[in-house]
Structures are given as C-alpha cells and as structure tokens.
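Quick caveat, the model's predicted, so the values are computed rather than measured. Each chain gets a letter, A, B and so on, in the order the sequences are listed, and its residues count up from 1.
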Number of protein chains: 2
Amino acid sequence: MSPPQWVKDLKPAPPQGSDLIQAEREKSKLSVDKLSNFLFTKQVIERQERILKILQSEKVFDKSQNYFDGRIDKFKTALARAKRLRQLQVKHNWSRDEYMCANDLVSEPGPYGLHASMYLTTLRDQGTPEQHKLFLQPAENYRAIGCYAQTELGHGSNVRGLETTATWNPEDKTFILHSPHLTASKWWIGSLGRTANHAVVMAQLVIDGKTYGPHPFVCQIRDMKTHEPLEGVHVGDIGPKFGYNSMDNGFLLLNKVKIPHINMLAKFSSVDPESNKYVKPSSPSLVYGTLTWVRSTIVLQSGGVLARGVTIAVRYASVRRQFQDRDAPSDADGENQVLNYTMVQFRLLPLLAATFALHFTGKAMMGLYEENQKKMINSDAGKVADTNRGAGPEEIHSGSDLLADLHATSCGLKALSSTTAAEGLEVCRRACGGHGYSSFGGIGAWYADYLPTCSWEGDNFMLSQQVARYLLKSARAVLKGNAPNNDTTKIFTNFLQKQDMGAAHDVLGSDADLVAAFAWRTSFLTFEALKHRDVEKNSWNSLLVDFWRLSTAHSQYLVVKNFYDALQSDSLQYELDSTTIDVLHKLFRLYALNTLEKEASEFYSSSAVTVRQIQLARTKSVMKLLEEIRPHALRLVDAWNFPDWQLDSSLGRKDGKVYEDMFHRASELNPLNGLTIDPYPDSDVLVKKDESERFKSKL
Amino acid sequence: MSPPQWVKDLKPAPPQGSDLIQAEREKSKLSVDKLSNFLFTKQVIERQERILKILQSEKVFDKSQNYFDGRIDKFKTALARAKRLRQLQVKHNWSRDEYMCANDLVSEPGPYGLHASMYLTTLRDQGTPEQHKLFLQPAENYRAIGCYAQTELGHGSNVRGLETTATWNPEDKTFILHSPHLTASKWWIGSLGRTANHAVVMAQLVIDGKTYGPHPFVCQIRDMKTHEPLEGVHVGDIGPKFGYNSMDNGFLLLNKVKIPHINMLAKFSSVDPESNKYVKPSSPSLVYGTLTWVRSTIVLQSGGVLARGVTIAVRYASVRRQFQDRDAPSDADGENQVLNYTMVQFRLLPLLAATFALHFTGKAMMGLYEENQKKMINSDAGKVADTNRGAGPEEIHSGSDLLADLHATSCGLKALSSTTAAEGLEVCRRACGGHGYSSFGGIGAWYADYLPTCSWEGDNFMLSQQVARYLLKSARAVLKGNAPNNDTTKIFTNFLQKQDMGAAHDVLGSDADLVAAFAWRTSFLTFEALKHRDVEKNSWNSLLVDFWRLSTAHSQYLVVKNFYDALQSDSLQYELDSTTIDVLHKLFRLYALNTLEKEASEFYSSSAVTVRQIQLARTKSVMKLLEEIRPHALRLVDAWNFPDWQLDSSLGRKDGKVYEDMFHRASELNPLNGLTIDPYPDSDVLVKKDESERFKSKL
C-alpha cells in the first residue's frame, strides 16, 4: 500500500546511513575480495553470484512476504520453492554443491530437505544394488519422495530404546512394522508430515521372538496418486515449532503394516529368507564415517551461521547512533556511532573472531576427515558396533586410533561450534537494541531455525560424554605407556612431564604459549576427571558436569589450535596481504584471550596461567585488541560475502539504508495494516474493513 | 480431526507419566499449600481460582488454536479477548489487581495493553484536573483508546534525541506536532498500530525558535467513528516481531498536525498562553518514582516469569526417561528418569533457586519503594530533572539519598533479574531436549514474549552505567567522609577498614560470610573502577565493560542479601514448617554458591574468598545441594501454583500426561494436517485438498 506524498518525501535525519557506512568502510585498507577468495575460493563466490541471479529472476523466490506468513502459507510457499529448486536443478544440471548453494541463498528449510539428504543417503549407503534399483532410482528422480524416520515421541538420543518393531514373518517372507505404544510414534521426522510418500523406518528387528536392535526398513506410507495415507498408517505434521516452520516435521504410527523382505536395507545386515536367520553386519565403518562427516559439516557451517548475525549487527552498529560520548565537550555535534562503544565492541568483536576461528577449524576437520576416508577405503580399520545416527553414550569400539580421535574431535567440536553459533546469534540480536526484536532485523528467524542443530546429530550435552570418555581412555593409555601417537596423547605426555613444576605460560607474549595454555588446561581437567573416576571411584552420573566442562575445554583448545595453524599456512601467506594477515592474527588473539578470560578459573586452578596474566589479558590485551580490530570490523564482515537477498535484513543492508528499509516493510508490505478494526470494547464488531489481501502477492 | 480407532487405543509405553509424576511428588514432604500461601497469600490464590473459572467458561478464551494462529488471526483473537476482558471487568467490577490477574492467566499481550497501563497512567500523573475531565474520563470508560508514543525509529534509549516537534503557535494558541524526518517516526508504540485513536506524543517543545526538551501532548490520531487515520497522520503496525505478535506495536508520522493548548499535559510544565512563555516543572518527583516503581515491578515479576519455564522443565524431567544409568547393572530395568542426571540438575536447580531469590528480592524492593513513597509525599525530596521513562545515562540530581539508592538498586536489579529470567527460560527450553523446540512445550513463545523486558524501561546494558555512577559517587562520598548512612556506604566503609588484611570469608561454613563475600566483591570492584576513573583518568567509554561487571556484581549481592534476609523473617518462621524452611535455606545456598562459582575469578582476584573454597564450592557444596534439593524440586515448582490452563504446555502438565497431550495437539488440532499436497516437483499443483478450516473453531 502506497503512503501519501508527504511521507514519501521524508528522509532519515542526517547523516544518512549510506554515508556513515561508506565512511566506516574507508577506515580500513583490508582487502575484502582477497579475504573472501581465501575463505571460499573464487570459484565458489562466482558460483553463488550465478545462482543468485537465477533465483532472483523467479517470482516464487520473492521474499517480501516471508516474515508475514503464518504456518500454512509458509509451508505452501516452501513447497512451491522446493519444487522449483528441483526443476532448476534438472534444467541447469546443477551439481549437489550448486543445489546446496541455491538452498543456502533461499535460506529456509524446505519440504524436500530430508528427502534430498537423509533418505537418498541412507538408501545409497545402506542399500544393496537391487535395492538401489528398486528404491534409490525413483527417489533420485523424485518419483518417490522419502524421509528418515528414527526418533520417536518417547525416544530421542537413545536409539537403542526405540519401540517400533519389524517382526520377521517366515511364512510369507515379510516384515510386519508395528508401533506398540503411543510413545512409539515416529516424531520430528523432517519431510514426513505432509510431503513424503516413503520412509526409511528405524525399527527393532525381531526374529523368532528375539530382538536384534534397530535396523532400517523402507516403507511406503502414502498412496502414490492420491497422496492419502495407506491402510494402517497414521501420519501427520507435529505442529508449530520455535522455528523451522517451513518444514513439515511429522509423526508416524504403524498398525501391523506388512512389507516384503526386500524392504530391509541389507548392505550391512539382513535376514536370510531361507534359514530365517539374522546375518550380522559386515563392514559398517563407512556408516560410522557418515556420522563424523555430518558433524564435521556442522562445524564447518557454524562459522557462516554466526557470521550472518555478526554481519547484520556490525553493519547496523555502523549506522546507528545513540547518545553523545560522555567525555565529549558539551557542545559536541550529534550522537555517537554505536560501534564506538566498548560495551558493544566487547559483545560483538569476539564473536567476529569466533566466525573465523570456527571456519578455519571446520576446514581443518573436513581435511582430516577426507584424509582418513582415503586411508580407510583400503583397510579394514574403523569397525564399530553402532551403525545409527544420533548415537548415545555407548562405548566406541574402534580398530582405528585415528578414527577414534576424529570421532571424539567431531563430537566435541560439533557441540562447541553449534552452541557458540546459536548463543552468539542471540547476542548479536540483542546488540541491535530494540530493532533486533523486529523480524525485519533478520537475526531472530535465523536463530530460531538454527537452534535444532544443538540437539540433532547428538545433543550437545550428551556428546560431551563421548569426548570425555575418549579423553579418559587416551589418558589411561598414556599412563600405561601404550598410547597411539596423536596430538591428544602428545599434550597429555607433555603435561605429565611438566606437571610438578606448573606451567605459567606467557599467554600475553607468545602465541605458541597461548595455545599451550589451552592444551595444559585440557590435560589438567582430564587427569582430574580420571582421578575422580578411576581412583576415587565416583559414579559416572556424579561426574557429568566435570565431563561437560572437560569437553568444552578440549574443544576450545582445538579451535584455538586450528586457528593458530591456519595463520601459519603457506596459502594464507601467499594469498593475503600483510594488513589482512595482521588483522587475522589479532582476531586469533582476541578469540583466544577472551575465551581464556571467560574461563579464567580453570586456567588459574590448573596453574596454566598466573592470576596476574589473566587479569592483564582482559584489562589490557582484550580491550586493546577491540580498539585495533574495530576499524576493520565492517570489512571483515563484508568478506563473508552475504548478498542482501540472502540476509533479508533491514538492519544488515550493505548500503546502510536501514531506516528506509524498516519503514518500507512496515508501511507498505505488512498485511495487518489492511485491517481497520472497531476499537471499542462494547462493540462486537472486530474488523470493519479487511484489505489485508492487497498486501500479499501470493502464488 | 479424529484419528482411527487403533490409534485411539494406544497408550504410552509403561510406566505412565501420571504414575511417574505421582511417585516423584511422594519423594518429598514439603507442604505445597503452605509455601504457596507464604509466597502469594491465600487471598491472591483464591482470587486466581475465582477468575480462572470465569475465563475458562468463555469460548473466546479457548487457547487450543493459540500456537497455530498466524499474525492476523493472533491479533484478531487478542482483540476479541481484550474486549471481553474489559466487559468482564465492568460486569464483575474487577479491581486493577483482578483485571491484571485475568490478563496474567490469558498470558498474551493484548491490544489494550498500553491503553490500560501507560496511557491512563500518564494522563493521571501528568494531567491537570481539567485535562483529567477532558482526556482521562473518556479513556477510563474506553470511549477513547490511547497509547504512549515516545520511542522513535531512529531514537531508542536517548529520549533527549527525539526529533518530533511541538511548536507553540502564539497566534491561535495551538501546538503544531510534526515529524521532520523519517527517523522521527514513532516506533514500537504498543496499541498504536491498529487499535488506538489517541496518543500521548512525546515531542520537543519549541517556543519562539527555542527548544525546551521532550514534553507530553495528547493527540487524536484516528476518527472516532470510522477509525480511519486523520488528515496529516500516517499510522500503522510495524510488522511481525520475535514475539509479542498479539500486540499491534505501531508507527506514527505527523505532518504539521495542529492541537489546542489544552492538549499539552500541564501538571509539571506548561506554556503560558498569555505571555507565550515556558513554565518550568514544579515537582516531578512522583514521576521519577513511577520509573522506580515500574522497574521494581519487573524485578518482582521476574521470579514468576522464570518459574513458568522451571515448572515445565522440572515436570517434564520427572516424566521423561532416557538411557540407563551407566553404572547400573546391565540387566537393569528401563531407562533413567531425566531428573536423575546431575547434568540436568545442574542446569535446572540453580534456576529453581533463582525463582525464589528473585521473588523475595522483588518483594523487598516493593516494600522499600512503598516506604519511600510515604516519606516523600510530605517532603520536597527527590527532585530530578529527568521526567521521562527509559532514561538514559544522564546524571541523576536527587535531593534524597534514599531515593537515589532506591533508584540505583532498581536499575541494577531490573537488569539482572530480567536477564536472569530471559536467559534462564532458554536454558529450561533446551533442558526439555527436542520437545522443548515444539510450540506445545510452552516455553518458546513465553520466552519470546518476555524478551523485550530486557530492553524496555532502560536497556539492561545502559542501566549498568547508572548503577556504576551511583556506586562511584557513594564511594567518593565515603572517602571524603560525608556519605549518607545506608547499606551501600556501610559495605564500602567495612571494605576500606579491612582491605589491607584481605577477607577470606568462610563461604562454606557461614551464611553471613557468604553474603559478606558478595558485598566485598562489589566494594572491591567499585574502588577499582574509581581508581580507573578518578586517578588514572580513563575515559568513561573505556570503562563500560568494568561498569557492567560492577553493576552485575552489585545486583547479585543484593539478591543474595535479600534472599538471606527473607530467611530470617518472622513471618517465614511462623508460616512454614521446618522441612520447607530447610529446603528454602538450601536453595539460598545453592543460588549463592553457584553464582559465586560462576563468577569465580572476581572472587579470587578481590581476595574475597580463597581459591580452595571456591573449588570446594562447586565440587562439594553445589553438587551436594543438587542432590539434597532434587527430591523437593517438583513440589517446589508446584508451589508456584500455575494452573495448566495458564501454562498451556504439554510438557508441563501437572498430571504428567505429556505424550498424550503432545499427540492430541499434533494429530487433532493442527490445521496443517488438513492440507493434502501434491508432492511431485513436476506438478504445478501444490494442494490437492484443503480441509484446514475444519481444525479451527474461529470466533
């Protein structure tokens, strides 16, 4: 709806946001393009530009009503977009990376999400060639739409506790899938609610009254033509959530549904239809690898996830002005730029540092993973008992020390990185003041959509037990002298050698010492926990808080170390100029020293650092680093290279036109303004006039 | 929509939630009723029961579609409810407390919210008798609906920076209200978007070219019959937000709108229409008191706000079971109750302690406020220059030392209590695991609606400057020997006397020492900050982080002290039995020791407590307190006395029927399940069949 002319003539009070943000950019000589290329490669950046153009030219991807839509409209729009993305994938022959890039730009979970990821992956990884032909091919061509049904209403992380049964029926060589209780209902299953007509159902395999644990079964759930649920299937959407409302997370109850023998995914284990016997898993190591891969991906993405919030907050803080500086002369002109306030810098700049820390850590993780996969392809190493996702605190039986180390690393870093990103986004939202609460700010919905990452692929608190268990095991091996040679055992050995002397690392003067202080703290906490468990014989349950602290400490060490290593790399020295390298180095120190200061008591009590150095770390080093990094903050977020279209944020606009954009959305796009109400309590009339549809341009 | 019979026959797997929660209740002998009565009084509890019955009998208050509604339906429903609440208020002749109780039970911000609070209050407090007759009376009778328009698009906390002008026009004795720029648009104004036809507009008073600062003007904005905006008025809803979407926060631009002389609220300052001169404010002390009162209310409410989340999380943790205890024999039966895990206790029970700590602190604050008001009524004390809400970091000019102390206390406690409640709610939500993310959990929406409390009535970070300024001033007075006698100056004096010896409080052995340790830390940080400011002459801006820490430390001291004092009160000893008193005492220790441990580094470095005692505080005391409090957790949350109808949470059901309720809502109330879609990307059909309306029972 168009406002009157006198409103159209209004501009924000000077100075204009576009001038302020321009002036802010000019404070730094940092090369945004070089840094972008270094972070993502030129090829990836060009790919994004190409795909962005395609998406922006299609009406279905118009985002202008995104923040206004209710659940049903949101889902319908997401479905239309999901269909179009698939059509574009076919039309342009997009690779998986290109398809994912398009999804990232659209930036909302879509109804094909679990089909395109877990359904296809599970069929591919766990199906036989015959099953590939039968199930995978139609799925790849979107003639069958599937999902992955594991979690149940009463059973989250503990996969072994699943209730759904798949009972082998020797008479007609079928399985009977059944939900014995209400709590057996599959729950939270992405793409199941309204979209999928197939599901991989994780169910307890039962042969002749004996249970063999959870196994994957392909089950058709809806009619291929009418899309109505089949007989014995009760399926639907589980309802609205804190976020993720464009996705139809679903429930599924099965009442003695019969499926043929071929529907049990049989690459690793199976039932022999002749002997009616269970055939044990052969080599599940690659499945186990998948788990590690998924978690590594979360680590890699977390930097970018957080960077969206930091980008919005830093840009808005460059445009927003509030109060005069208290020490300024009383006749000083105008208000102070919010980014000038140390309280704002203290909240935002360590998060800016964390975006890079997490990005480099994620890249290192992926590198390690790929290296390890290569080694494993030709070996029998890495056998594990647990073939399921979302693994609980079971013991890990691994033939490969590298794999065990990688697994523990991926668990700890997944927990730390997703927690850092989620909580950091909320800090960014609040740092935007009142306007951060508006949907147009663009951080709130992004935060809400991201939150499940803290729970899925292993709840962050649960994962900390796996990390602790691995560290305890490594520590025991070091004490016994039969430890494998890896970084973890190296830092433990070093700690044991120097323990009696204490450490007193020079964290202010030496980067290497800074990294070593984090290693020392991990080692100290590990041997403390080991004492509690092995010597004092404390119960596992009584140590969970210690384990969580230990896991966090270890993961912080890994992030600090990976950031440090990235700074030493040849490619960095080769691709970046000295200004940029210098700023990255400051970001490293800010991340490390700020973390050290926040966790000060563990650094004291482990004698890793003196009290005096920790005090100086904050009062001198951190505050000084904030001041030094501040002029580069805007260019650093620019290097993350988010198109405005992706951010969809008034506050985060690259051109600084914050207020114009806020006003435009509220005044001209907001359907609620189509309602003229009757305001008097005595009147039963609610709405006198409803023109809300005029604001919408629905599909 | 009704599910098939075989689904209706399903029950959750045993043991049933209702049995588990019953067994959990039986673990404690704590008297829920006595504690409830002590917290709220019997009269308040009976009032709530009475009003709840009235509300539940009215269809308009049916909550079953609350979590499903989009913005427009949410607003319409809230408007219908607001009207009905007003009708009931008239019908039953409800007092303000009864009306507020009804609003609390409905638990959503409504479109009359700012009319019933700020509009009426401002007219009452700042209007003359003539203005009361002209504006207040019709407003009290809901013949005029108003709002309070202060914040602008470009100006939040800094009231002095407001752009809207009210220019005195001597010719026809009118004011001309005008928005000179887009950033002058009023923004975030509750009840303005669609509902109000009047606004109190805060605008810069201009007489003969000179500006006299912001003043309040009554301005009609919409036609009383058609409800269309008047000429020169551009008004509307500002769009969706992270929460608070049942409220129509609005924007307002004014184009040279003329209002008569009588529309400037003139109790404190005015324009003499004869001489055309500004008449200075007479006694704004009561307005200043209002600010303190509003913040004290936030402190008092914060305990209950947090308690809703803790109630839901503790109840669900009593019903939910996950994994076997790792040290249990391998043939042990069933999964472990989640509340048994120390990691869960460590997250939830300190928050449970905080609910009581904040409640007692809030009550003490209100008591102090009322005592002070009585004193002030007959004195000229407490004059201040700033008559506006949301005051920024201006200097406070106060004639009354008690008032200054009360004001600083209310600032610091408002910041700490709202931050604790908001962040605590999110911890509770996550402690509910995956289901905490479902809207049916009931914490997410409550958290989202509460968040603005951290920003309004003074942004929490901004307020910390006011606290610090007051503490520095007090410290200077103590050093000069001309300090008034109050608790703040007393702890400073004590600190200065013992400073050289250090303190080494016995926080494990003595409650009084525990309180004293918090006082010591506040004092230490105050004199450190004073040195930085007065001796080292550091800039104000460079000290903002120190000030924020200081404000937090001081407020934590106040909460610990108030909790401690409440335990010593006669009424507590008289009304409660020894079991309950003992549990409350443990909650006090848990709150204090857990806070001490989280802020360990400040307690070390101030020499308030030895390193050894702090280590023991966590590893021994806190862990032991968790174990001891745990059996009483469920009864403690029961004592908060939230009706299920108010909580509207599947997870927080008092009867433990968690899974039945989740399933019922998803399967039978969820309108999205009325859509049958076409899942294939090649098809342009999105929806084959739409029965979503059948799920709704709209007004």
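Residue A:Val687 touches chain B through its side chain alone, counting heavy-atom pairs closer than 4.5 Å. Heavy atoms of A:Tyr680 lying under 4.5 Å from chain B belong to its backbone as well as its side chain. At a 4.5 Å heavy-atom cutoff, the contact between A:Thr226 and chain B is made by backbone atoms alone. Neither the backbone nor the side chain of A:Asp459 comes within less than 4.5 Å of any heavy atom of chain B. With a 4.5 angstrom heavy-atom cutoff, B:Arg430 touches chain A only via side-chain atoms. Using a 4.5 Å cut-off between heavy atoms, B:Phe663 touches chain A through backbone and side chain atoms alike. Using a 4.5 Å cut-off between heavy atoms, B:Arg665 does not touch chain A at all. With a 4.5 Å cut-off on non-hydrogen atoms, B:Phe461 touches chain A through its side chain but not through its backbone. Proximity to chain B is absent for every atom of A:Arg222, based on heavy atoms less than 4.5 angstrom apart. Of the atoms belonging to A:Tyr437, heavy atoms from both backbone and side chain fall under 4.5 Å from chain B. Contact annotation for A:Asn197: only side-chain heavy atoms (C-beta onward) come within less than 4.5 Å of a heavy atom of chain B. At a 4.5 Å heavy-atom cutoff, B:Asn336 makes no contact with chain A through either its backbone or its side chain. Within the 4.5 angstrom heavy-atom criterion, atoms from both the backbone and the side chain of A:Ser539 approach chain B. Looking at B:Thr195, both its backbone and its side chain come within 4.5 Å of chain A, counting heavy atoms on both sides. Residue contact with chain A, scored on non-hydrogen atoms closer than 4.5 Å, is absent for B:Pro111. Interface remark: A:Lys688 contributes side-chain atoms only to the contact with chain B (heavy atom separation under 4.5 Å). Proximity to chain A (any heavy atom under 4.5 Å) is shown, for B:Met662, by both the backbone and the side chain. Proximity to chain A (any heavy atom under 4.5 Å) is restricted, for B:Arg347, to the side chain, taken from C-beta onward. Heavy atoms closer than 4.5 Å to chain B are found in the backbone of A:Ser179, but not in its side chain. At a 4.5 Å heavy-atom cutoff, the contact between B:Ile72 and chain A is made by backbone and side-chain atoms alike. Neither the backbone nor the side chain of A:Glu627 comes within less than 4.5 Å of any heavy atom of chain B.
Highest contact tally toward chain A, considering only B:Leu675, B:Val611, B:Ile614, is held by B:Leu675 [criterion: heavy-atom pairs under 4.5 Å]. Counting heavy-atom pairs closer than 4.5 Å to chain A, the top-ranked of the candidates B:Arg71, B:His181, B:Gln87 is B:His181. Per-residue counts of heavy-atom pairs under 4.5 Å with chain A were compared for B:Gly441, B:Ser439, B:Gly239, B:Ala196; the largest is that of B:Ser439. Heavy-atom pairs under 4.5 Å with chain B were tallied for A:His115, A:Arg143, A:Lys689, A:His435; the largest tally goes to A:His435. Between chain B and the options A:Glu597, A:Glu163, A:Arg320, the largest number of non-hydrogen pairs under 4.5 Å is found for A:Glu597. With respect to chain B, the highest number of heavy-atom pairs below 4.5 Å among A:Tyr67, A:Phe75, A:Phe603, A:Tyr604 belongs to A:Tyr604. Counting heavy-atom pairs under 4.5 Å between each of A:Arg86, A:Arg429, A:Lys74, A:Arg84 and chain B puts A:Arg429 at the top. Per-residue counts of heavy-atom pairs under 4.5 Å with chain A were compared for B:Tyr659, B:Trp188, B:Trp6; the largest is that of B:Trp6. Between chain B and the options A:Glu423, A:Lys11, A:Met623, heavy-atom pairs under 4.5 Å are most frequent for A:Lys11. The residue among B:Glu228, B:Gln345, B:His532 with the most heavy atom pairs within less than 4.5 Å of chain A is B:Glu228. Taking B:Ala600, B:Gly154, B:Ala445, B:Gly70 one by one and counting their heavy-atom pairs under 4.5 Å with chain A, the maximum is reached by B:Gly154. Interface check for chain B: of the options A:Asp248, A:Leu672, A:Asp682, A:Leu451, the most heavy-atom pairs under 4.5 Å are formed by A:Leu672.
Here A:Asp546 pairs with B:Arg618 in a salt bridge; the nearest charged N to carboxylate O distance falls below 4.0 Å.
Atom OG of A:Ser601 sits about 10.5 Å away from atom CD of B:Glu599, to the nearest 0.5 Å. Distance CG/A:Asn249 to CZ/A:Arg194: 13.0 Å, rounded to 0.5 Å.
Heavy-atom minimum distance, A:Phe251 versus A:Ser185: CB-OG, 3.6 Å. When all heavy atoms of B:Ile145 and A:Pro681 are compared, the closest pair comes out as CD1-CD, 4.5 Å. When all heavy atoms are compared, the tightest approach of A:Lys83 to B:Asp678 is NZ-O, 2.8 Å. Nearest heavy atom pair, residue B:Leu626 against residue B:Thr342, reads CD1-O, 4.5 Å. Closest heavy-atom contact between A:Gln465 and A:Leu544: CD-CD2, 3.6 Å. The two atoms that bring A:Ile238 and B:Asn670 nearest to each other are C-ND2, 3.9 Å, heavy atoms only.
Using bins of under 30°, 30° to 60° and over 60° for the plane-to-plane angle, the ring pair A:Tyr244/A:Trp456 lands in the perpendicular bin. Using the six-membered ring where Trp is involved, A:Tyr112 and A:Tyr142 have ring planes that are perpendicular, over 60° apart on the 30 and 60° scheme. Ring geometry, B:Tyr447 versus B:Phe242: the interplanar angle exceeds 60°, so the pair is classed perpendicular (tilted spans 30 to 60°).
In this structure, a donor-acceptor pair under 3.5 Å is present between the side chains of A:Ser692 and A:Asp690. Defined by atom type and a distance below 3.5 Å, a donor-acceptor pair is missing between the side-chain atoms of A:Trp187 and A:His155.
Formation of a donor-acceptor pair under 3.5 Å by the A:Ser464 side chain with backbone atoms of A:Phe547 is not found in this model. Checking side-chain atoms of B:Asn673 against main-chain N and O of A:Asp237 turns up a donor-acceptor pair under 3.5 Å. A donor-acceptor contact shorter than 3.5 Å links the side chain of A:Thr183 to the backbone of B:Ala13.
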Assess the residue pair B:Phe68 and B:Phe440 against the criterion (ring-ring contact (aromatic ring centres under 6.0 Å, His included)); give the C-alpha distance rounded to whole Å, side-chain angles, the decisive distance to 0.1 Å, and a yes or no.
CA-CA 10 Å; B:Phe68 301 104; B:Phe440 307 149; 5.7 Å; yes
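In this structure, B:Tyr341 has its ring center at least 6.0 angstrom away from the ring center of A:Trp548.
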